Amino acid sequence: MKLIIKNIIIDALEKAYQAKLLPSSSFTKITIEEPKIESHGDFSTNIAMTMASIQKMAPKKIAEAILSSIDDPDNIIKDTQIAGPGFINFFINTKAWYPSLAKIFREDLKFGSENIGKGKKVQIEFVSANPTGPLHVGHGRGAAVGDAVARILSFAGYNVKKEYYVNDSGRQIKTLGTSVFLRYKSILGMDDPFPDDCYQGEYIIDIAKNIYNDKKDALLKTDEKSAVFYCSKIAAKDILTGIKKDLNSFDVIFDNWFSEQSLFDSGMVEKTIKKFKEQKIIYEKDGALWFKTTDFGDEKDRVVIRGNGITTYFASDIAYHQEKFLRGYDEVIDVWGADHHGYIQRIKASIEASGTDRKKFHVILIQLVNLLRNGKQIAMSTRSGQFISLKDVIDEVGKDAARFIFLSRHYDSPLDFDLEIAKKKTNDNPVYYVQYVHARISSILRKAEESNPVDFSAFDNNISELLLNEIEEIRLIKALSFYPDTVKISALQKEPHKITFYLMNLASLFHSYYNKHKVLTDNHAIMQSRLYLITAVLKTIRNGLNLLGISAPEAM
RNA sequence: GCGCCUGUAGCUCAGCUGGAUAGAGCAACGGACUUCUAAUCCGUAGGCCGGGGGUUCGAAUCCCUCCAGGCGUACCA
């Protein structure tokens with residue numbers, strides 16, 4: 001519809017110029033927007049104002065020239081007006097909206113998808129929590145956002161792969177092994193002191209118990225180093241299994257689990273360092289190897305191999321990102337917690353150093369989550385083991401509510417997640433507000449089917465047979481017709497919350513309509529039309545919720 | 001100190017990359033269930049968009065500056 005209006009204006013501009021109503025043939029970019037206020041029409045354009053200096057005419061004169069040159073053979077425009085400083089407002093004929101409903105039926109599950117991705121290969125890496133403990137709410141936010149972005153991009157025609165980077169190498173894995181081994185020893189009656197920097201959580205003890213059940217005291221008979229190594233392997237695997245399970249119950253499924261250790265095993269880390277050495281962007285200082293990230297906009301150089309010969313986490317991360325682009329992705333997205341923002345520059349540096357355009361790499365920084373109960377903050381710390389895990393949250397409030405809350409805010413702003421609010425079934429907690437629309441419509445359709453089979457075939461051939469004239473109906477159709485645009489913007493900006501807000505708005509329009517007008521009426525023609533409309537709403541709500549990974553229940 | 005993010009109604013947040021009279025939900029107040037699900041709806045009230053400058057026809061939105069909060073600033077991850 002927007003496009004139609006735009007084309008009408010383009011034609012009018014051309015015609016006005018031919019008729020010498022406008023002195024210049026150079027026109028500025030035409031933007032069409034939907035005014036916030038209904039009395040300003042369905043669409044408006046500021047073209048007359050932006051062209052004022054080029055045409056050397058007053059905006060209102062330009063607007064008049066355009067309007068007098070408009071052709072509208074399909075009778076789409078009901079009325080126009082020139083308002084304010086020179087806006088041109090368009091009012092659309094009711095029947096002109098109907099085809100956008102037909103589109104929803106035609107495209108059904110694909111409605112809203114515009115293929116802006118054109119098959120572009122995109123990788124999105126998210127969560128990637130260290131396998132040293134269960135996922136917490138912060139990871140949950142990353143999971144919800146990453147997964148929703150992946151769903152939206154796929155829907156918009158990108159070829160998306162979801163990846164989880166497993167930090168199964170390095171110091172903290174060793175710490176994990178040590179923690180488990182100490183607990184294991186304590187089961188065997190050897191109570192060595194348990195250091196503060198070891199993982200304190202209950203789950204460590206559970207893992208130690210499992211190892212004891214399996215091996216009894218066998219580990220004491222090997223040397224301590226291999227015993228710790230064994231414990232770390234078992235523990236990491238065990239915890240990772242738990243993480244996978246939790247993500248599964250959160251409806252987050254990864255295409256690939258990428259092991260950090262594999263970068264060492266394949267020689268990728270070594271190879272990358274060697275390559276950068278040859279490029280002379282890695283140098284030695286104070287016994288360590290430094291990467292000259294300052295050459296690429298970072299504020300200081302960074303160590304890749306420490307004085308003790310051990311590589312830093314950054315070294316494997318460089319190799320990892322090299323590896324990602326070697327796999328042929330056109331775009332790589334990382335979802336990180338905001339506390340990692342200092343890391344962006346150096347990763348970008350490494351990408352640019354290898355000749356890849358840094359614009360192909362995009363970081364979504366997610367702000368912190370504060371977990372609350374009744375407005376009171378719940379203290380959280382992985383190390384101390386005093387925390388509520390993502391699983392606890394899902395168990396308590398449900399997957400749908402949790403996901404919706406995570407996605408109901410721009411990821412740029414910190415999020416207060418209140419467990420008590422998340423359980424409420426009122427407007428405090430809009431997930432049910434949106435789902436309720438789906439359930440309500442499903443219920444009406446069931447009831448309609450009882451007396452008469454619902455049959456929309458009459459509208460397939462002639463959409464103008466629809467009888468939808470109520471203002472609430474037009475508002476709904478308008479909102480529905482904006483859904484593809486919403487998806488598009490959400491995909492381009494990688495901002496899932498736009499979908500969330502769209503759905504809340506659509507839900508609000510529907511609930512208002514529902515309360516004011518009855519769908520199942522004695523007038524058969526009106527009833528069929530309204531069933532058609534609400535079915536379109538149902539499909540759109542279902543599609544939108546699906547992009548967020550939230551279910552659309554048929555009854556509540 | 002430097003860097004990133006944030007500052008919009010009492011509270012929690014939107015605001016479509018510059019548009020017209022800044023919007024929702026909650027909380028407050030007043031209404032609507034013998035009705036297709038009241039997990040809903042309708043109405044009232046509530047604002048120097050952190051402050052100050054600029055850019056232009058036009059700024060919550062862009063630029064500068066100041067103030068406040070969060071995070072980061074390791075040969076940790």
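Labels below follow one simple rule: chain letters A, B, ... track the order of the sequence lines, proteins then strands, and each chain is numbered from 1. In this text, all values refer to a predicted model and were calculated from it rather than measured experimentally.
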Report the nucleotide, chosen from [options], that has the shortest atom-to-atom distance to any side-chain atom of [X].
X: A/Val303; options: B/U35, B/G3, B/C75; result: B/C75
X: A/Leu365; options: B/U35, B/C4, B/C5; result: B/C4
X: A/Ile37; options: B/A20, B/U35, B/A77; result: B/A20
X: A/Asn89; options: B/A20, B/G72, B/C16; result: B/A20
X: A/Asp412; options: B/A20, B/C2, B/C5; result: B/C5
X: A/His497; options: B/U21, B/G19, B/A14; result: B/A14
X: A/Lys498; options: B/C36, B/G19, B/G15; result: B/G15
X: A/Ile489; options: B/C75, B/G19, B/C16; result: B/C16
X: A/Lys300; options: B/C36, B/A74, B/C57; result: B/A74

- Item | Centroid-centroid distance, A/Phe417 to A/Phe406, less than 6.0 Å | yes
Residue pair A/Lys36/A/Ser53 against RNA chain B: nearer the 5' end by closest nucleotide is A/Lys36
Result for 5'-nearest mapping on RNA chain B, choosing between A/Leu368 and A/Pro85, is A/Pro85
Do A/Thr426 side-chain atoms and A/Asp428 backbone N/O form a donor-acceptor pair below 3.5 Å?
yes
Q. So, A/Asp418 side chain and A/Glu420 main chain: donor-acceptor pair closer than 3.5 Å or not?
A.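 Confirmed, A/Asp418 side chain pairs with A/Glu420 backbone.
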Have a look at [X] and say if it touches a base, only the backbone sugar-phosphate, or nothing, with a 4.0 Å heavy-atom cut-off.
X: A/Ala83; answer: base
X: A/Ala288; answer: base
X: A/Lys518; answer: base
X: A/Tyr343; answer: base
X: A/Asp286; answer: base
X: A/His517; answer: base

Using the 3.5 Å cut-off, write out each protein N or O paired with an N or O of nucleotides 7-13 of chain B and the distance between them.
{"residue": "B/U12", "atom": "O2'", "partner": "A/Arg409", "partner atom": "NH1", "Å": "3.0"}
{"residue": "B/U12", "atom": "O2'", "partner": "A/Arg409", "partner atom": "NH2", "Å": "3.4"}
{"residue": "B/C13", "atom": "OP1", "partner": "A/Arg409", "partner atom": "NH1", "Å": "3.3"}
{"residue": "B/C13", "atom": "OP1", "partner": "A/Pro414", "partner atom": "O", "Å": "3.1"}
{"residue": "B/C13", "atom": "O5'", "partner": "A/Arg409", "partner atom": "NH1", "Å": "3.4"}

- Can you check B/U17 for me, syn or anti if syn means within 90° of 0?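 That one's syn.
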Residue pairs passing the side chain to side chain donor-acceptor pair (under 3.5 Å) test with at least one member in residues 335-349 of chain A, sequence neighbours excluded, are A/Asp334-A/Trp336
message = Say we look at B/C49 and B/U56: how far apart would their P atoms be, to the nearest angstrom?
response =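 It comes out at 23 Å once rounded to the nearest Å.
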Taking Watson-Crick and G-U wobble contacts under 3.5 angstrom, with | marking pairs to another strand and [ ] crossing pairs, the secondary structure of RNA chain B is written (((((((..((((.....[...)))).(((((.......))))).....(((((..]....))))))))))))....
Residue set satisfying salt bridge (charged side-chain N to carboxylate O under 4.0 Å, His left out) with A/Lys516, at least two apart, ordered chain then number -> A/Glu472
Contacts of A/Arg409 meeting salt bridge (charged side-chain N to carboxylate O under 4.0 Å, His left out) (sequence neighbours excluded), chain-then-number -> none
In B/S/- notation (B base, S sugar-phosphate only, - none; protein heavy atoms under 4.0 Å), nucleotides 38-43 of chain B written 5' to 3' is SBBSS-
Any A/Gln493 side-chain N or O less than 4.0 Å from OP1/OP2 of B/C16: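 Checking B/C16 against A/Gln493, no side-chain N or O comes under 4.0 Å of OP1 or OP2.
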Under-4.0 Å side-chain N/O to phosphate OP1/OP2 contact, A/His341 with B/U73:
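So the side chain of A/His341 is outside the cut-off, no N or O lying under 4.0 Å from OP1 or OP2 of B/U73.
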Between A/Glu38 and A/Lys478 (salt bridge meaning N to carboxylate O under 4.0 Å), is one present in this structure?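 Looking at A/Glu38 and A/Lys478, the cut-off is not met.
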Confirm from the modelled atom types if A/Asn46 and B/G19 form a donor-acceptor pair under 3.5 Å, side chain to base only.
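Pair found.
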inquiry  = Determine whether a donor-acceptor pair (one donor, one acceptor, N or O, separation below 3.5 Å) exists between the side chain of A/Ser44 and the base of B/A20.
reply    =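 Checked by distance alone, the answer is yes.
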